[in-house]
A.B. asks: 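Please read through the structure below; I'll follow up with questions.
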Amino acid sequence: MASSKNVTTFWEWGRKIICVGRNYAEHAMELKNAIPTEPVLFLKPSSAYVKEGAPVLVPYYSNNLHHEVELGVVIGKQGVSISQKAAMDHVAGYALCLDMTARDIQDECKKKGMPWTLAKAFNTSCPVSDFISKERIPDPHNLKIWLKVNDQLRQEGHTSSMIFSIPFLVSYISSIIALEEGDLILTGTPKGVAAVKEHDEIHAGLDGILSMKFTVQKQNP
């Protein structure tokens, strides 16, 4: 049965954002984390989405907001326990995404053995680009991804460096969490994460595909 929803506006109606942590070895090492042997997963709510033209907000309770640029995978067909062989049939396309992280809060949560929700799931914690069709990215594991803050290059990486491939992630996640049309998977960030402050301009891109810009504002308590 054909869906009445338009996957190109997934951020308006998609139900969840599934994030993969530490999927680039150098990023895991820069935060002094072990390189994972299976995916590290956490969730963001759909209320985390923000599009160009609206600001990224520093949560009122954080003093150390970090940028993490990521390739997002947009699910176009629901599935449970999807095989790696069939995984790409469930992918509708892609998006350039930021996983904004309240690093000071995340560090506190880690020390206390608590969930990362306050560090990862706040409003505007998932800036996203326009939808990118699969036709425009024939090989999602062959992309250069980058991020600048105030025109200074902070992150530059290549999706070929991902520890876990997109078919593996789709298969693994769907064996635990049913994937639904409009869901977004964030595939991890390369090294170079660092803090942004109020009035900074974040400029992120996928080489040869698109780029996006966001300004940073402080949330009022």
Side-chain angles (χ1 to χ4, degrees), residues 15-45 48 64 66-75 77-91 94-121 125-126 128 137 139-147 154-180 183-194 204 206:
R15 293 173 62 179
K16 59 185 178 287
I17 304 163
I18 303 131
C19 308
V20 181
R22 307 173 191 167
N23 199 24
Y24 288 75
E26 289 180 333
H27 170 62
M29 290 187 286
E30 77 178 341
L31 295 184
K32 298 180 172 55
N33 292 314
I35 296 169
T37 55
E38 61 182 7
V40 176
L41 302 182
F42 59 94
L43 299 172
K44 291 180 186 271
N64 189 17
H66 278 207
H67 56 74
E68 299 189 8
V69 65
E70 316 207 359
L71 177 67
V73 176
V74 182
I75 299 300
K77 188 170 77 170
Q78 66 181 36
V80 177
S81 297
I82 300 162
S83 70
Q84 288 191 57
K85 189 175 178 183
M88 295 308 291
D89 295 336
H90 291 259
V91 174
Y94 305 94
L96 179 63
C97 309
L98 303 180
D99 168 17
M100 302 304 297
T101 302
R103 192 71 70 201
D104 48 350
I105 306 303
Q106 187 186 37
D107 290 345
E108 282 178 29
C109 292
K110 284 180 182 176
K111 284 176 192 166
K112 295 174 182 174
M114 292 168 62
W116 298 355
T117 305
L118 269 74
K120 292 284 195 179
S125 63
C126 189
V128 291
I137 299 182
D139 182 3
H141 304 98
N142 186 28
L143 294 171
K144 185 175 162 189
I145 190 168
W146 54 267
L147 182 143
R154 294 269 190 95
Q155 290 185 270
E156 187 174 51
H158 204 275
T159 56
S160 62
S161 300
M162 288 195 290
I163 297 168
F164 304 109
S165 70
I166 290 167
F168 181 89
L169 291 173
V170 169
S171 179
Y172 179 87
I173 292 166
S174 69
S175 71
I176 303 163
I177 303 168
L179 289 174
E180 300 168 291
D183 284 351
L184 181 71
I185 298 172
L186 298 193
T187 60
T189 194
K191 68 176 182 177
V193 302
L206 285 172

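For this chain, numbers begin at 1 and follow the sequence in order.
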A.B. asks: Within the structure provided, determine whether Val73 and Leu184 are in side-chain contact (heavy-atom separation under 4.5 Å).
C.D. replies: no
A.B. asks: Between Gln155 and Lys191, what is the shortest heavy-atom contact and its length?
C.D. replies: CG-O, 3.3 Å
A.B. asks: Might you point out which heavy atoms bring Ala121 and Ser125 nearest each other, and give the distance in Å?
C.D. replies: C-OG, 3.7 Å
A.B. asks: Do you know the tightest heavy-atom contact between Ala178 and Val80?
C.D. replies: CB-CG2, 3.7 Å
A.B. asks: Let me see the working for Val170 and Ile185 under side chain to side chain contact (heavy atoms under 4.5 Å, CB included), right down to the final yes or no.
C.D. replies: CA-CA 8 Å; Val170 169; Ile185 298 172; 4.1 Å; yes
A.B. asks: Would you say that Trp146 contacts Val69 through its side chain, given a criterion of any heavy-atom pair below 4.5 Å between the two side chains?
C.D. replies: no
A.B. asks: Side chains of Asn64 and Ile105: closer than 4.5 Å at any heavy-atom pair?
C.D. replies: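 Of all side-chain heavy-atom pairs linking Ile105 with Asn64, none is under 4.5 Å.
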A.B. asks: Taking His90 for its side chain and Gln78 for its backbone only, find out whether a donor-acceptor pair lies under 3.5 Å.
C.D. replies: yes
A.B. asks: Under the salt bridge (charged side-chain N to carboxylate O under 4.0 Å, His left out) test, which residues partner Glu30, sequence neighbours left out?
C.D. replies: none
A.B. asks: Could you give the distance from CD1 (Ile145) to CE (Met162), rounded to the nearest 0.5 Å?
C.D. replies: 9.0 Å
A.B. asks: Start with the C-alpha distance between Val91 and Val74, add both sets of side-chain angles, then the distance that settles side chain to side chain contact (heavy atoms under 4.5 Å, CB included), and finish with yes or no.
C.D. replies: CA-CA 6 Å; Val91 174; Val74 182; over 6 Å; no
A.B. asks: Output the distance between atom CD1 (Ile137) and atom CG (Asn142), rounded to the nearest 0.5 Å.
C.D. replies: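 Here the rounded value is 10.5 Å.
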A.B. asks: Are Pro39 and Ile173 packed together at the side-chain level, in the sense that at least one heavy-atom pair is separated by less than 4.5 angstrom?
C.D. replies: no
A.B. asks: Rounded to the nearest 0.5 Å, how far does NE2 of His66 lie from CG of Leu98?
C.D. replies: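 So the CG of Leu98 and the NE2 of His66 are separated by 14.0 Å.
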A.B. asks: Can a side-chain donor-acceptor contact be found between Arg154 and His67 if the only test is distance below 3.5 angstrom?
C.D. replies: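 The answer is yes; a qualifying pair exists.
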A.B. asks: Can you list the residues that meet the side chain to side chain contact (heavy atoms under 4.5 Å, CB included) rule with Ser83, with sequence neighbours excluded?
C.D. replies: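 With sequence neighbours excluded, Ser83 shows a side chain to side chain contact (heavy atoms under 4.5 Å, CB included) to Lys85, Ala86, given in chain and number order.
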A.B. asks: Side-chain contact, heavy-atom cut-off 4.5 Å: Val193 with His27?
C.D. replies: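 The answer is yes; the side chains approach within 4.5 Å.
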A.B. asks: Which pair of heavy atoms, one from Leu186 and one from Cys126, lies closest together, and at what distance?
C.D. replies: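 Smallest interatomic distance, heavy atoms only, reads CD1-SG, 4.3 Å.
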A.B. asks: Rounded to the nearest 0.5 Å, how far does NE2 of His141 lie from OG of Ser165?
C.D. replies: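 Rounded to the nearest 0.5 Å, the OG-NE2 separation comes to 4.5 Å.
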A.B. asks: Without swapping roles, check the side chain of Thr159 against the backbone of Leu143 for a donor-acceptor pair under 3.5 Å.
C.D. replies: yes
A.B. asks: Is the side chain of Thr187 donor-acceptor paired with the backbone N or O of Leu71 at a distance under 3.5 Å, no angle test?
C.D. replies: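 Yes; judged by distance alone, with no hydrogens or angles, the pair exists.
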A.B. asks: What distance do Glu70 atom CD and Cys97 atom SG have between them, rounded to the nearest 0.5 Å?
C.D. replies: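 Reported value, rounded in 0.5 Å steps: 7.5 Å.
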A.B. asks: Applying side-chain hydrogen bond (donor to acceptor under 3.5 Å, both in side chains), which residue pairs with at least one partner in residues 111-120 are found, sequence neighbours left out?
C.D. replies: Asp99-Lys120, Thr101-Lys120
A.B. asks: In Å, rounded to the nearest 0.5 Å, how long is the span from CZ of Phe42 to CD of Gln106?
C.D. replies: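 Taking CZ in Phe42 and CD in Gln106, the distance rounds to 7.5 Å.
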A.B. asks: Does Ser174 have any side chain to side chain contact (heavy atoms under 4.5 Å, CB included) partners at least two apart in sequence or in another chain, and if so, which?
C.D. replies: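 Expected list: Ile82, Leu179.
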A.B. asks: Which heavy atom of Ile166 sits nearest a heavy atom of Pro140, and at what distance?
C.D. replies: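 So the two residues come closest at CD1-CB, 3.6 Å.
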A.B. asks: Using the test side chain to side chain contact (heavy atoms under 4.5 Å, CB included), find all partners of Ser171 that sit at least two apart in sequence or belong to another chain.
C.D. replies: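 With neighbours one apart ignored, the set is Gln84.
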A.B. asks: Taking side chain to side chain contact (heavy atoms under 4.5 Å, CB included) as the definition, give me every residue that meets it alongside Lys16, ordered by chain and number, with sequence neighbours left out.
C.D. replies: Ile18, Ile177, Glu180, Asp183
A.B. asks: Do Tyr172 and Leu41 touch side chain to side chain, with heavy atoms closer than 4.5 Å?
C.D. replies: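 The answer is yes, as the side chains (C-beta and beyond) meet within the 4.5 Å cut-off.
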A.B. asks: Search all heavy atoms of Pro36 against all heavy atoms of Phe164 and return the closest pair with its distance.
C.D. replies: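 The pair with the smallest heavy-atom distance is O-CZ, 3.8 Å.
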